[in-house]
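To start, the structure under review is shown below, and the notes come after it.
Predicted model, so just to flag it, every value in this text is computed and none were measured.
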Amino acid sequence: MKTHSYIARRASKPVVLCIAGSDSSGLAGIQQDVKTCEALGVHAATAITAITAQNNQQLFSINPVAIDKLEQQIDAALALKPQLIKIGLLVNAEQVQLLVDKLSALSIPIVYDPVLATSSDGDTFDKSALSLLREKLLPLCTVLTPNIPEAEQILSQTITGPETQQAAAKSLAEGGAHWVVLKGGHLEGEQASDYCYNAALNFYVSQPREKTLHSRGTGCAFASAIASALALGYEVRDALVIAKMVIQQGLINARSVNDEKGAVAVSGFPSAYWPTYSTSVANQQVALNFLPCVDSARPELGLYPVVDSADWLEQLLPTGVSTAQLRVKNLTGQALADEIERAVAIAKTFDCRLFINDYWQLAIEKKAYGVHLGQEDLLTADLNAISQAGLRLGLSSHSHFEVARARAIQPSYIACGPTFATTTKAMPWVPHGLEGLQYWAGSLDYPLVSIAGIDEHNIKAVAATGVSGIAMITAITLDKDPRAKTRRLMQAIAEGRPL
């Protein structure tokens, strides 16, 4: 299955079925679900579990919908063939059992925000049904999004800080939820750090605490944002990053309602407010200080040929290419070391910013300008050694999760692709096209390199998005006159640049 790096607006909206309670103040519950889904370009079908009477000060009453009426709503909404189901407020064991019976027969991903109390400190869930919720409903969940008090109630344990937050998330996942996002808003600290746990991967996404009173509906909006992103075709890790961006946007946009406490206000698909990615709270502020690769003298990376030998550099660099990458696939041992050494020498002769793909130890040893790594290399490469040696770092990134992880490292540039379909390399991502490239160019505060499927027929349009570099492989190396092709491509970039 291919995943998305960016999804353009579509003529037909996907559907999320939101099963939740109605909030009479209009600040949370099903009302917030609908607003959030619609802001992200997703249609929200609804099934109301309870009609509540509440405001900022008090929960006056909670009135469960009759179980047959709830089932009728769900059945009617399922006719729209929703891509996702988002669950919020459930009131009692009868409702939990209905959802277990009905949803276990469906192969639809589920995002569950276990609303067990309101912001006005009113209990909303029959606590005697917690065991049923734990044993039957949680195992159906694709993503579970409790806050700290909710997790404490579900697990009957106290969560006081990062260590107990991590342990609680793991316990919830062991109970059956595929992903657990244990939100950290109730913990102390300058950052609101959500711990994302899956059996194969776990990490934090954090945002600076936004000092606002207008935070009603935050949990509803967060879960709805995850569900919306999944319905749009994003992979779970990307959906978690997108939702964190959505909530920060919504908190910053939040306003009072008639001078009363207001709600989080999501205004659209986020292109800013990137969260801090980290594998632990302790390493959130670690900066590797990679040197920049653009400056006032050379403000852009420009045409960026990716070649497999020093011979290609010898052929192309006299044309004026100022950035290149050596990606050697067929050499090992001394032959590889000699090839990199020769390539570095050629690049220095022509004052070219040469990035060595993958072989970071040899790049350090041969004093290359920089290293380019894929996301998979981050698990094995010594980033501190690369930084301390004074080498620049470029990172391949294809999605919101990978961009968040790249930004945490603070590289010299970020390569984002695939821009268009390519036969050079099999990629599990849907090409994002020019609109997606424009999104990334406007969203990232790093020099951006576009890659994949670019040639003379589209390179001007790519340059017009404002990307810093345009990577080319076969468009140059398979041409009958590579030098002439290189000159034409550089001229096309110059003509396509925004004024």
Under 3.5 Å, is there a donor-acceptor pair between the side chain of [X] and the main chain of [Y]?
| X | Y | value |
| --- | --- | --- |
| R216 | H214 | no |
| K329 | D308 | no |
| Q248 | P208 | yes |
| Q165 | I159 | no |
| T142 | I110 | yes |
| D455 | H457 | no |
| R134 | I154 | yes |
| S412 | L291 | yes |
| D113 | G88 | no |

Legend entry - Partner residues of R298 under the side-chain hydrogen bond (donor to acceptor under 3.5 Å, both in side chains) criterion, sequence neighbours left out: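 Expected list: none.
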At their closest point, which heavy atom of [X] faces which heavy atom of [Y], and how far apart are they?
| X | Y | value |
| --- | --- | --- |
| P498 | A463 | CD-O, 3.5 Å |
| P275 | M245 | CD-CG, 3.5 Å |
| Q315 | P482 | OE1-CG, 3.8 Å |
| A263 | Q32 | CB-NE2, 3.8 Å |
| S396 | G374 | CB-CA, 4.1 Å |
| V467 | I470 | CG2-CG1, 3.9 Å |

Exercise answer: donor-acceptor pairs, residues 222-236 side-chain atoms, under 3.5 Å, sequence neighbours excluded:
{"residue": "S224", "atom": "OG", "partner": "D33", "partner atom": "OD1", "Å": "2.7"}
{"residue": "S224", "atom": "OG", "partner": "C220", "partner atom": "O", "Å": "2.9"}
{"residue": "S228", "atom": "OG", "partner": "S224", "partner atom": "O", "Å": "2.8"}
{"residue": "Y234", "atom": "OH", "partner": "I7", "partner atom": "N", "Å": "3.1"}
{"residue": "E235", "atom": "OE1", "partner": "R237", "partner atom": "N", "Å": "3.1"}
{"residue": "E235", "atom": "OE1", "partner": "R237", "partner atom": "NE", "Å": "3.1"}
{"residue": "E235", "atom": "OE2", "partner": "R237", "partner atom": "NE", "Å": "3.3"}

Legend entry - Gap separating the CE atom of M490 from the CD1 atom of I459, nearest 0.5 angstrom: 10.0 Å
[X]: ring pair (Phe, Tyr, Trp, His ring centres under 6.0 Å) partners, not counting sequence neighbours:
| X | result |
| --- | --- |
| Y197 | none |
| Y359 | none |
| Y413 | Y304, F355, H372 |

Given side chains that start at C-beta, do those of [X] and [Y] come closer than 4.5 Å, heavy atoms only?
| X | Y | result |
| --- | --- | --- |
| V344 | Y369 | no |
| M472 | P305 | no |
| R392 | R353 | no |

Applying side chain to side chain contact (heavy atoms under 4.5 Å, CB included), name anything that partners [X], two or more places apart in sequence or on another chain.
| X | answer |
| --- | --- |
| A484 | D481, R488 |
| A385 | W360, I364, D382 |
| R487 | T319, R483 |
| A363 | I356, A368, V371, L391 |

Legend entry - Whether over 12 other heavy atoms sit under 6.0 Å from K367 NZ: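 Counting other residues, nucleotides and ligands, NZ of K367 stays at 12 neighbours or fewer.
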Legend entry - Whether over 12 other heavy atoms sit under 6.0 Å from E163 CD: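 Not buried by this count: 12 neighbours or fewer within 6.0 Å.
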Inset, instruction - Could you point out which residue of Y273, Y439, Y277 forms a ring pair (Phe, Tyr, Trp, His ring centres under 6.0 Å) with H400? - result: Y439
Legend entry - Pair listing, side-chain hydrogen bond (donor to acceptor under 3.5 Å, both in side chains) test, anchored in residues 458-473, at least two apart: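 Checked against side-chain hydrogen bond (donor to acceptor under 3.5 Å, both in side chains) - neighbours excluded - the pairs reaching residues 458-473 are K460-E495.
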Inset, instruction - Write out all pairs satisfying side-chain hydrogen bond (donor to acceptor under 3.5 Å, both in side chains) with one or both partners inside residues 442-453, taking only residues at least two apart or from two chains. - result: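 Non-adjacent pairs meeting side-chain hydrogen bond (donor to acceptor under 3.5 Å, both in side chains): W274-S443, T419-S450.
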Legend entry - Under 3.5 Å side-chain donor-acceptor pair for N384 and Q388: no
Inset, instruction - Tell me yes or no: between the side chains of E152 and T158, is some donor less than 3.5 Å from an acceptor? - result: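 No - no donor-acceptor pair under 3.5 Å links their side chains.
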Side-chain donor-acceptor distances from residues 168-186 under 3.5 Å, at least two apart:
{"residue": "S171", "atom": "OG", "partner": "A167", "partner atom": "O", "Å": "3.1"}
{"residue": "K183", "atom": "NZ", "partner": "T145", "partner atom": "O", "Å": "3.1"}

